[in-house]
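What follows is a short report on a single structure.
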Amino acid sequence: GENVEQHPSTLSVQEGDSAVIKCTYSDSASNYFPWYKQELGKRPQLIIDIRSNVGEKKDQRIAVTLNKTAKHFSLHITETQPEDSAVYFCAAMGSGGSNYKLTFGKGTLLTVNP
Amino acid sequence: DVKVTQSSRYLVKRTGEKVFLECVQDMDHENMFWYRQDPGLGLRLIYFSYDVKMKEKGDIPEGYSVSREKKERFSLILESASTNQTSMYLCASSLARGRYEQYFGPGTRLTVT
């Protein structure tokens, strides 16, 4: 099955700096890569996603890049703000019969210091 | 606005009890999922269902079963609760037909003593 590795497990930045979180996946046929944000005590929520036919996607201060050859994808947050502090999870959707099943990384705790 | 609800936010049960966790979604989603979330381990899939009465095992199904008798409701059952099942349980749902975003419920914090 699919295996997703996520790094780093914790990340601390100063407000205004950029933050980058990286993930690798094992199934070369995976075709969908979402990122979820989970604030303390709240449910995970989708913040951005990318499909395998696209190399990069941006939404205001966040962007995701995908390198299919290397089987890795990254989340980039620019001009970080304290409200960006949360746990971020990457995920990958494998191929085959379980088309809707996501495999998640272990998460990155991002702390943005004012 | 998609709403996924779970029957309890906090639950305390004794070892050996049978435990039912309920999840309801109101957006006519075909797919429903149960995850457990533990510190440092991320979200791990227990079971999922892609249609009424249909289910598939996820990555950690041992000690759990599920039931989906109606499209909007997906139940997770712990047949005989054990202390290592103390965890946060999250339910999610998604559409089929090319829409993959999963919408999560608020979670149930289960403690087994």
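Chain A is the first sequence line, chain B the second, and so forth, proteins listed ahead of strands; every chain is numbered from 1.
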Q) Just wondering, more than 12 heavy atoms not from A:Glu15 lying within 6.0 Å of its CD? A) yes
Looking only at A:Leu102, A:Asp49, A:Val4, A:Thr103, most heavy-atom pairs under 4.5 Å shared with chain B are made by A:Leu102
*Could you walk me through whether A:Gln38 and B:Gln37 pass the side chain to side chain contact (heavy atoms under 4.5 Å, CB included) test, one step at a time?*
CA-CA 12 Å; A:Gln38 186 178 28; B:Gln37 182 174 19; 2.7 Å; yes
TODO: Kindly work out whether a path of hydrophobic side-chain contacts (I/L/V/M/F/W/Y, heavy atoms less than 4.5 Å apart) joins B:Tyr50 to B:Trp34.
DONE: no
When rounded to the nearest 0.5 Å, the distance separating CZ of B:Arg44 from NZ of A:Lys106 is 8.5 Å
Original post:
CD of A:Gln60: more than 12 outside heavy atoms within 6.0 angstrom?
Top reply: no
Open item on the list: Hydrophobic clusters here meaning ILVMFWY residues chained together by side-chain heavy-atom distances under 4.5 Å, can you tell me if B:Tyr64 and B:Leu11 are in one?
Closed with: yes
Residues B:Gly105 and A:Arg43: closest non-hydrogen pair is O-CB, 3.2 Å
Looking only at A:Pro34, A:Gly1, A:Gly107, A:Pro44, the option with the highest number of non-hydrogen pairs under 4.5 Å against chain B is A:Pro44
Honestly, the part of B:Leu43 sitting under 4.5 Å from a heavy atom of chain A is both
All heavy atoms of A:Lys101 vs all of B:Phe48, minimum pair found to be CD-CE2, 4.1 Å
| Got a sec: does the NZ of B:Lys71 have more than 12 other heavy atoms crowding it under 6.0 Å? | yes
Checked B:Arg109, B:Glu101, B:Met88 vs chain A; the most non-hydrogen pairs under 4.5 Å come from B:Glu101
Q) Linking I/L/V/M/F/W/Y whenever their side-chain heavy atoms sit closer than 4.5 Å, directly or via other members, would B:Leu76 and B:Ile60 fall into one cluster? A) yes
Applying a strict 4.5 Å limit to non-hydrogen atoms, the region of B:Phe104 in contact with chain A is both
Neighbour count above 12 (heavy atom, 6.0 Å) for B:Glu79 CD:
yes
Under 4.5 Å to a heavy atom of chain A? For B:Leu45 that would be side chain
